[in-house]
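Within every chain, numbering begins at 1; the chains are lettered A, B, ... in the order of the sequence lines, protein sequences first and strands thereafter.
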There are 2 protein chains.
Amino acid sequence: MKKLKSTAVCPCETIQPHPFISPEDKDHLQVLADLFKHLSDPRRLNLLLCLSHAEHSVCILAKHLGVTVSAVSHQLQTLRRARLVSFRREGKVCFYRLNDNHVHKLIQTAREHVNE
Amino acid sequence: MKKLKSTAVCPCETIQPHPFISPEDKDHLQVLADLFKHLSDPRRLNLLLCLSHAEHSVCILAKHLGVTVSAVSHQLQTLRRARLVSFRREGKVCFYRLNDNHVHKLIQTAREHVNE
DNA sequence: ATATCATTTGAACAGTTGTTCAAATGATAC
DNA sequence: GTATCATTTGAACAACTGTTCAAATGATAT
């Protein structure tokens, strides 16, 4: 067990740091990460897959996903803030739907990655 | 402020729950979510984008990303366990690279989603 | 063997996330 | 108005995540 004092001097010190990515990508980095974060929870992913077939009420979603209504509602609010889903109210019932079809493409590409 | 006792009885009660997704998708749900989780951190995403241009050493990556070597190394171990990156050792230096090009496709699809 | 550099590893710690519970809100019917 | 159903909301709490720090390991050179 040697007591090494971290000198923190490496050859890279002389290299001037610069991003390997373009400025516009840099700007979108956080936005992209946030998008992926919404897809990174199994239950939320399941929820999105349910909605990819048709619009559904919160109550039905909870039933089919096997979780509480409250939990689904919280997830839906998160997805709504991220503009991944939208909804319409019909009387007492709220029907949620996917906002566009890009989510499908994302999942499809990910699925290809997994299956190899 | 009414004290409502949750009756937890809704019309959906009569509906038998079934997944809206196919069995094989159900199996891959966790795997897919895990994949997205690795892309959900801005710094890790930045790291992957750096590697999408060429292989790089840990030291250089830390320099360019503006974080400590330790932090980068931890991230790389995570990505390595997920088989998203691999590496080769050359003397004292470890060079990391992307494991395949699916990551590019994923990022590209996500980027399209963001730009609309 | 010792020194140094590049990298890894484990522990601790702060920040974030998702669920649950209880209560509130919105809408319809009586 | 009250009752009921569907949904939302906020607070609390446990679980997870990523960073930092210190120490260890791996490799090369002297």
Side-chain angles (χ1 to χ4, degrees), chain A residues 1-15 30 33-34 36-48 55-63 65-82 85-96, chain B residues 1-15 30 33-34 36-48 55-63 65-82 85-96:
Chain A
M1 203 197 282
K2 271 179 289 186
K3 214 168 201 174
L4 264 184
K5 198 166 171 205
S6 179
T7 47
V9 181
C10 87
C12 318
E13 198 72 35
T14 56
I15 298 168
Q30 184 68 54
D34 285 342
F36 283 125
K37 188 167 290 183
H38 292 112
L39 303 172
S40 71
D41 182 71
R43 280 166 288 246
R44 203 156 44 217
L45 200 50
N46 199 351
L47 179 56
L48 288 167
E55 66 173 13
H56 290 294
S57 70
V58 179
C59 193
I60 292 274
L61 284 169
K63 212 75 214 133
L65 296 171
V67 295
T68 65
V69 170
S70 180
V72 173
S73 182
H74 274 300
Q75 295 284 27
L76 286 168
Q77 299 322 303
T78 305
L79 292 169
R80 203 145 72 80
R81 267 179 250 119
V85 304
S86 52
F87 78 108
R88 64 182 179 86
R89 182 178 267 274
E90 194 173 285
K92 288 186 276 190
V93 185
C94 283
F95 292 96
Y96 280 82
Chain B
M1 201 197 281
K2 270 178 290 184
K3 215 168 199 174
L4 264 184
K5 197 165 171 207
S6 179
T7 47
V9 180
C10 85
C12 319
E13 196 74 33
T14 57
I15 297 167
Q30 185 67 55
D34 285 343
F36 284 125
K37 189 165 288 182
H38 291 114
L39 303 172
S40 71
D41 183 72
R43 281 166 286 247
R44 202 155 46 218
L45 200 50
N46 199 352
L47 178 56
L48 287 168
E55 66 173 16
H56 291 293
S57 71
V58 180
C59 193
I60 292 273
L61 284 170
K63 228 19 224 169
L65 297 171
V67 294
T68 65
V69 171
S70 180
V72 173
S73 182
H74 274 299
Q75 295 283 28
L76 285 169
Q77 299 321 304
T78 304
L79 292 169
R80 203 145 71 79
R81 268 180 250 118
V85 304
S86 52
F87 78 108
R88 65 185 178 84
R89 182 177 269 276
E90 194 173 287
K92 288 185 276 190
V93 185
C94 283
F95 292 97
Y96 279 82

**OP:** Establish, with yes or no, whether the OP1 or OP2 oxygen of C:dT8 is under 4.0 angstrom from a side-chain nitrogen or oxygen of B:R80.
**Re:** no
Original post:
Whole Å only: how far is the CZ atom of A:R43 from the P atom of C:dT17?
Top reply: 15 Å
Original post:
CZ of A:F95 versus C1' of C:dA27: gap in Å, rounded?
Top reply: 14 Å
Original post:
Using purine N1 to pyrimidine N3 plus N6-O4 or O6-N4 for Watson-Crick, or N1-O2 and O6-N3 for G-U wobble, both under 3.5 Å, which nucleotide pairs with C:dA23?
Top reply: D:dT8
**OP:** Provide, to the nearest angstrom, the distance between the CG atom belonging to B:L61 and the P atom belonging to D:dT19.
**Re:** 14 Å
Original post:
So what does B:V93 touch, heavy atoms closer than 4.0 Å: a base, only the sugar-phosphate, or nothing?
Top reply: sugar-phosphate
**OP:** For A:S73, answer base if it contacts any base atom (sugar-phosphate contacts may also be present), sugar-phosphate if it contacts only those atoms, and nothing otherwise; contact means non-hydrogen atoms under 4.0 Å.
**Re:** base
**OP:** Could you please name the partner base of D:dT28, counting Watson-Crick and G-U wobble pairs only when both distances are under 3.5 Å?
**Re:** C:dA3
**OP:** Using atom CD of B:E90 as one end and atom P of C:dA6 as the other, report the distance to the nearest whole Å.
**Re:** 14 Å
Original post:
Between the base of C:dC21 and the side chain of A:S70, is there a donor-acceptor distance below 3.5 Å?
Top reply: yes
Original post:
Side-chain N or O of B:Q75 less than 4.0 angstrom from OP1 or OP2 on D:dT19?
Top reply: yes
**OP:** Starting at atom CG of B:D41, determine the distance to atom P of C:dT17, rounded to an integer number of angstrom.
**Re:** 11 Å
**OP:** Enter the distance from A:T78:OG1 to A:D34:CG here, rounded to the nearest 0.5 Å.
**Re:** 11.5 Å
**OP:** Mind calculating the distance between CZ (A:R88) and C1' (C:dG26) to the nearest angstrom?
**Re:** 17 Å
Subject >> Inter-residue atom distance A:H56.NE2 - A:C94.SG, 0.5 Å rounding >> reply: 15.0 Å
**OP:** Could you check whether A:Y96 gets within reach of a base, just the sugar-phosphate, or nothing at all, counting any heavy atom under 4.0 Å?
**Re:** sugar-phosphate
Original post:
B:V58 has a side chain; which of C:dT7, C:dG18, D:dT7 sits nearest to it?
Top reply: C:dT7
Subject >> Value in whole Å for how far the P atom of C:dA11 lies from NE2 of B:H74 >> reply: 11 Å
**OP:** Report the distance from atom CG of B:D34 to atom P of D:dT17, rounded to the nearest whole Å.
**Re:** 9 Å
Subject >> A:S40 side chain to A:K37 backbone, donor-acceptor under 3.5 Å >> reply: yes
**OP:** Quick one: pull up CG in A:L61 and CD in A:Q75 and give me the separation to the nearest 0.5 Å.
**Re:** 11.5 Å
Original post:
5'-most contact on DNA chain C: A:R44 or B:F87, nearest heavy atom basis?
Top reply: B:F87
Original post:
Nearest 0.5 Å, what's the CZ-OG distance between A:R89 and A:S57?
Top reply: 12.0 Å
**OP:** Could you say whether A:R89 or A:V67 is positioned toward the 5' end of DNA chain C, judged by the nucleotide with the nearest heavy atom to each?
**Re:** A:V67
Subject >> Toward the 5' end of DNA chain D, by each residue's nearest nucleotide, A:K92 or A:Q77 >> reply: A:K92
